[in-house]
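For reference, the structure discussed in these notes is given below.
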Amino acid sequence: MKREDVRRVDQIAIEEYGMLGLVLMENAGRGAAERIAALCHESPRGANPVCILCGPGNNGGDGYVIARHLELLGFSVHILSLVPLDRLTGDASANASIAARAGLTIQIAKSDEDLDRWIADDETVVDCLLGTGATGAPRGLYGDAVTQANKRRGLRVAIDLPTGLDCDTGAPAEVTFRADLTVTFVAEKEGFSKPAAKPWLGTVQVVGIGVPQALLNDFKVA
Ligand SMILES: NC(=O)C1=CN([C@@H]2O[C@H](COP(=O)(O)OP(=O)(O)OC[C@H]3O[C@@H](n4cnc5c(N)ncnc54)[C@H](OP(=O)(O)O)[C@@H]3O)[C@@H](O)[C@H]2O)[C@H](O)CC1
Ligand SMILES: [K+]
C-alpha cells in the first residue's frame, strides 16, 4: 500500500467506522510485541533487555504499547524518548502516560552522548522513531539515534517501517535503520518490494490492527 492510503485506512477506521485511535494503537503495539518476543526467542542474537527508541508521533506511541506488552511477556524493557513526554499528543501521549504510571523505565535522550550511553551494545533495539509521518532523511537527533542503533550488535526491529526508508519509493536515506525484522501495520508498503529497500527491511511481517474487513476490501488489502 502507498503511505497515503495506509494513513487513510487509519483515518477512515476512526472517522467512518467509529473506531478509536487508541484501539488501533493497542492492536498494533500488542501484535508487534508478540512478533518481537518470537524473534528474540528464536534468534541467537535475541537479547533481553529491549531498548525502544520513541519519536514524537504515533510511531513513538506504538513504542509505549510495545514496551507494556513486552514486559508482560517477560522481557525487561527500557524506553528512550527523543522528545520530552509533554511534547507528545493524542494517542501517543496517552500511552506514554500509561507507561510512565506503570513504572516502565523512560529516559529522555537530549544528545548523541545520551544515546551512546543508554543504548547497550547487545540489547534488542526497536525503532519507533518515525513511521508514515516521516518526510525526508531523519533530522538531527533522529539521525544520531539511527546511527547509534546500527552500530550495536543486538537484533534490530523496525516498527511500521525502518526510519530513513521512504515507504513509497523504497529509497533509503543516507542514514537508515538497518532492521533484522520490520513489523508493518495493515499491509506491506509499496516501497518494500523495491530492491533498494531489502537491505534495510530484513524480514517483513504484517500485523493487523483490527480495522473491519469491509475497509480492507475498499483498499484491496489481501
Ligand atoms: N491511530 C493511528 O493513527 C495509528 C497510527 N499508527 C502508527 O502511527 C504512525 C504514524 O504516526 P504519525 O504521528 O502520523 O507520524 P510519525 O510517528 O511518523 O511522526 C512523524 C513526526 O515526526 C516528525 N518528523 C517527520 N519527518 C521527520 C524527519 N525526517 N526527521 C525528524 N523528525 C521528523 C514530524 O514532527 P514535527 O513536529 O517535526 O512536524 C512528524 O509529525 C504509523 O507509522 C504507525 O506506526 C499505528 O500503527 C496504528 C494507529
Ligand atoms: K519506525
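Order of appearance sets the numbers: ligands from 1, and atoms from 1 within every ligand. Keep in mind that what you see is a predicted model, and the values were worked out from it rather than measured.
Considering each of I209, V9, L22, D62, the one bringing a non-hydrogen atom nearest atom 6 (N) of ligand 1 is D62. The closest heavy-atom contact to atom 21 (C) of ligand 1, among the options G140, P56, G131, comes from P56.
Protein heavy atoms are found less than 4.0 angstrom from atom 24 (N) of ligand 1. In this structure, atom 39 (O) of ligand 1 has no protein heavy-atom contact shorter than 4.0 Å. Distances from atom 17 (O) of ligand 1 to the protein include at least one heavy-atom value under 4.0 Å.
D127 places a side-chain N or O within 3.5 Å of a backbone atom of T163 that can act as its donor or acceptor partner. For the pair R35 (side chain) and Q205 (backbone), a donor-acceptor distance under 3.5 Å is absent. A donor-acceptor contact shorter than 3.5 Å links the side chain of T147 to the backbone of G143.
Contacts with ligand 1 closer than 4.0 Å are made by side-chain heavy atoms of D160 only, the backbone lying farther away. When heavy-atom distances to ligand 1 are checked against a 4.0 Å cut-off, P138 comes that close only through its backbone atoms N, CA, C and O. Only the side chain of D91 comes within 4.0 Å of ligand 1, counting heavy atoms alone; its backbone N, CA, C and O stay farther away. When heavy-atom distances to ligand 1 are checked against a 4.0 Å cut-off, A137 comes that close only through its backbone atoms N, CA, C and O. Only side-chain heavy atoms of D10 come within less than 4.0 Å of ligand 1; its backbone N, CA, C and O stay farther off.
Between the OD2 atom of D127 and the O atom of I159, the angle centred on the K ion (ligand 2) amounts to 130° when rounded to 10°.
Evaluated for a salt bridge (charged side-chain N to carboxylate O under 4.0 Å, His left out) with K189, the options D168, D166, D160 yield exactly one hit, D160. Checking each of E4, R3, R7 against T132 for a side-chain hydrogen bond (donor to acceptor under 3.5 Å, both in side chains) leaves exactly one that passes, namely R7.
At a 3.5 angstrom cut-off on N or O pairs, Y142 does not count as close to ligand 1.
Contact of the F219 side chain with the V211 side chain is not registered, since no non-hydrogen atoms from C-beta on lie closer than 4.5 Å.
Using a cut-off of 3.4 Å, one finds that A134 contributes no N/O/S atom close to the K ion (ligand 2). Between the K ion (ligand 2) and G55 there is no N/O/S contact shorter than 3.4 Å.
A 6.0 Å sphere centred on NZ of K151 holds more than 12 heavy atoms belonging to other residues, nucleotides or ligands.
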